[in-house]
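Here the structure comes first, spelled out in structure tokens, and everything after it is commentary.
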Amino acid sequence: MARRNDHTREELVALTLQTVKDFLSENSYHELSLRKLANMIGYVPSTLVNVFGNYNLLLLHAIAQTLDELSNEAMTAMQNSPDSKQALFNLAYCYHDFAQRNPYRWQLIFEHNMNGAELPEWQAKRIDHMTGMLESLLIQISPEHSPSEVLQASRVLWSGVHGITLLSVDDKFFSAEPVDGKQLINNLLSNYLANW
């Protein structure tokens with residue numbers, strides 16, 4: 001086993017989170033544990049607890065990395081759009097495509113549970129940033145709507161896109177014909193915006 005001074009704290013954090021990311025590229029987080037992760041990087045579990053606080057927070061740091069990656073991809077997708085409406089569609093497609101490429105990491109985002117503990121501010125800011133992107137685009141598309149209407153519309157659209165993405169990633173459309181999740185997202189957004 002590696003001794004605590006074999007890596008600096010920052011190196012150990014980076015090594016641990018990279019190992020989680022690599023593991024989740026092929027496996028569900030359900031197959032991971034603190035002990036298994038510690039063994040994979042050559043440390044004892046108590047060292048990881050000393051660094052991260054607990055296993056739950058360790059996973060939350062891994063989620064933060066995933067959200068940062070998704071956020072960067074989303075910003076690029078929106079910036080490469082000719083207008084706000086297309087940026088909204090591209091944001092939704094980016095969400096879907098990211099989940100398709102990273103199903104286990106994406107799954108962890110939504111299945112992770114704080115078990116009654118308060119969400120740390122650094123994580124809450126990431127979530128606010130993601131939802132804020134959507135709200136900002138809706139304001140640009142329809143500035144006449146009130147803040148509460150924009151908030152409600154953003155949650156309706158996010159819920160719909162998330163549901164489609166979830167069914168798409170898990171291949172649970174239960175259809176005799178193949179179903180394209182991005183076509184469903186296009187249908188959802190087009191019809192919602194037309195009536196909003």
Side-chain angles (χ1 to χ4, degrees), residues 1-2 6-80 90-115 119-120 122-131 133-134 158-159 161-173 178-185:
M1 285 288 167
D6 286 348
H7 295 94
T8 65
R9 181 183 178 86
E10 292 75 23
E11 289 171 340
L12 183 54
V13 167
L15 173 64
T16 303
L17 295 179
Q18 185 61 50
T19 302
V20 172
K21 181 178 177 179
D22 293 344
F23 183 86
L24 294 178
S25 68
E26 301 289 331
N27 309 280
S28 168
Y29 76 95
H30 296 294
E31 299 172 37
L32 190 61
S33 69
L34 182 63
R35 183 172 306 285
K36 185 173 190 174
L37 180 57
N39 284 335
M40 290 166 71
I41 62 172
Y43 278 83
V44 294
S46 60
T47 301
L48 296 181
V49 170
N50 287 337
V51 171
F52 289 95
N54 59 47
Y55 183 57
N56 206 21
L57 286 173
L58 187 158
L59 291 179
L60 198 61
H61 281 277
I63 291 169
Q65 276 193 337
T66 302
L67 287 176
D68 289 345
E69 286 180 39
L70 175 57
S71 176
N72 288 337
E73 288 186 24
M75 294 296 289
T76 300
M78 293 188 313
Q79 289 166 356
N80 293 332
N90 289 345
L91 175 61
Y93 299 150
C94 175
Y95 185 86
H96 177 271
D97 291 347
F98 185 90
Q100 290 279 29
R101 287 192 321 273
N102 305 283
Y104 297 119
R105 293 175 71 204
W106 186 79
Q107 174 191 48
L108 177 59
I109 294 172
F110 297 100
E111 292 186 8
H112 182 263
N113 189 328
M114 289 299 295
N115 298 317
L119 191 67
W122 50 266
Q123 187 69 344
K125 284 182 179 178
R126 283 176 168 84
I127 294 168
D128 290 345
H129 175 68
M130 291 298 298
T131 56
M133 282 190 239
L134 177 54
W158 177 73
S159 298
V161 170
H162 179 76
I164 291 168
T165 300
L166 180 63
L167 294 172
S168 186
V169 167
D170 292 343
D171 195 22
K172 297 280 172 116
F173 285 119
V179 176
D180 183 343
K182 287 168 84 168
Q183 283 184 338
L184 296 182
I185 289 171

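At least one side-chain heavy atom of E73 sits less than 4.5 Å from a side-chain heavy atom of R101. The shortest side-chain heavy-atom distance between V161 and H96 does not fall under the 4.5 Å cut-off. For the pair P120/L57, a side-chain contact is recorded, criterion being any heavy-atom separation below 4.5 Å from C-beta on.
Here S71 pairs with H129 under the side-chain hydrogen bond (donor to acceptor under 3.5 Å, both in side chains) rule; sequence neighbours left out. Take R35 and apply the salt bridge (charged side-chain N to carboxylate O under 4.0 Å, His left out) test, not counting sequence neighbours, and it matches no residue. Evaluation of the side-chain hydrogen bond (donor to acceptor under 3.5 Å, both in side chains) rule for Y93 yields N186 as partners, not counting sequence neighbours. Partners of D171 according to the salt bridge (charged side-chain N to carboxylate O under 4.0 Å, His left out) rule, which considers only residues two or more places apart in sequence or in another chain, do not exist here. The salt bridge (charged side-chain N to carboxylate O under 4.0 Å, His left out) search around D97 returns K182, not counting sequence neighbours. The side chain to side chain contact (heavy atoms under 4.5 Å, CB included) search around E111 returns Y29, H30, Q107, not counting sequence neighbours. Partners of V49 under the side chain to side chain contact (heavy atoms under 4.5 Å, CB included) rule, at least two apart in sequence or in another chain, are L34. Listed by chain and residue number, H112 satisfy the side-chain hydrogen bond (donor to acceptor under 3.5 Å, both in side chains) test with N56 (two or more places apart in sequence, or in another chain). Checked against side chain to side chain contact (heavy atoms under 4.5 Å, CB included), L166 has the following partners two or more places apart in sequence or in another chain: W106, D170. Remark: L134 engages L88, L91, L138, S154, W158 in a side chain to side chain contact (heavy atoms under 4.5 Å, CB included) (not counting sequence neighbours). Taking the salt bridge (charged side-chain N to carboxylate O under 4.0 Å, His left out) definition, one finds that E69 meets it with K21, R105, sequence neighbours left out.
Remark: side-chain polar atoms of S28 are not paired, donor with acceptor, to backbone N or O of L24 under 3.5 angstrom. The closest donor-acceptor contact from the side chain of T16 to the backbone of L12 lies under 3.5 Å.
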* Asked: Going through the distances and angles, do L167 and V179 end up as a side-chain contact (heavy atoms from CB on, under 4.5 Å)?
  -> CA-CA 10 Å; L167 294 172; V179 176; over 6 Å; no
* Asked: How far apart are the C-alpha atoms of L108 and T66, what are their side-chain angles, what is the distance that settles it, and do they pass the side-chain contact (heavy atoms from CB on, under 4.5 Å) test?
  -> CA-CA 9 Å; L108 177 59; T66 302; over 6 Å; no
* Using the side-chain contact (heavy atoms from CB on, under 4.5 Å) rule, take R9 and V51 through it: C-alpha gap first, then chi angles, then the decisive distance, then the call. => CA-CA 7 Å; R9 181 183 178 86; V51 171; 4.2 Å; yes
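Screening residues 57-77 for ring pair (Phe, Tyr, Trp, His ring centres under 6.0 Å), with sequence neighbours left out, gives F52-H61, H61-W122.
Within 6.0 Å of CD in E11 there are more than 12 heavy atoms belonging to other residues, nucleotides or ligands.
Ring pair F110/Y95 is perpendicular by interplanar angle, where above 60° counts as perpendicular and below 30° as parallel.
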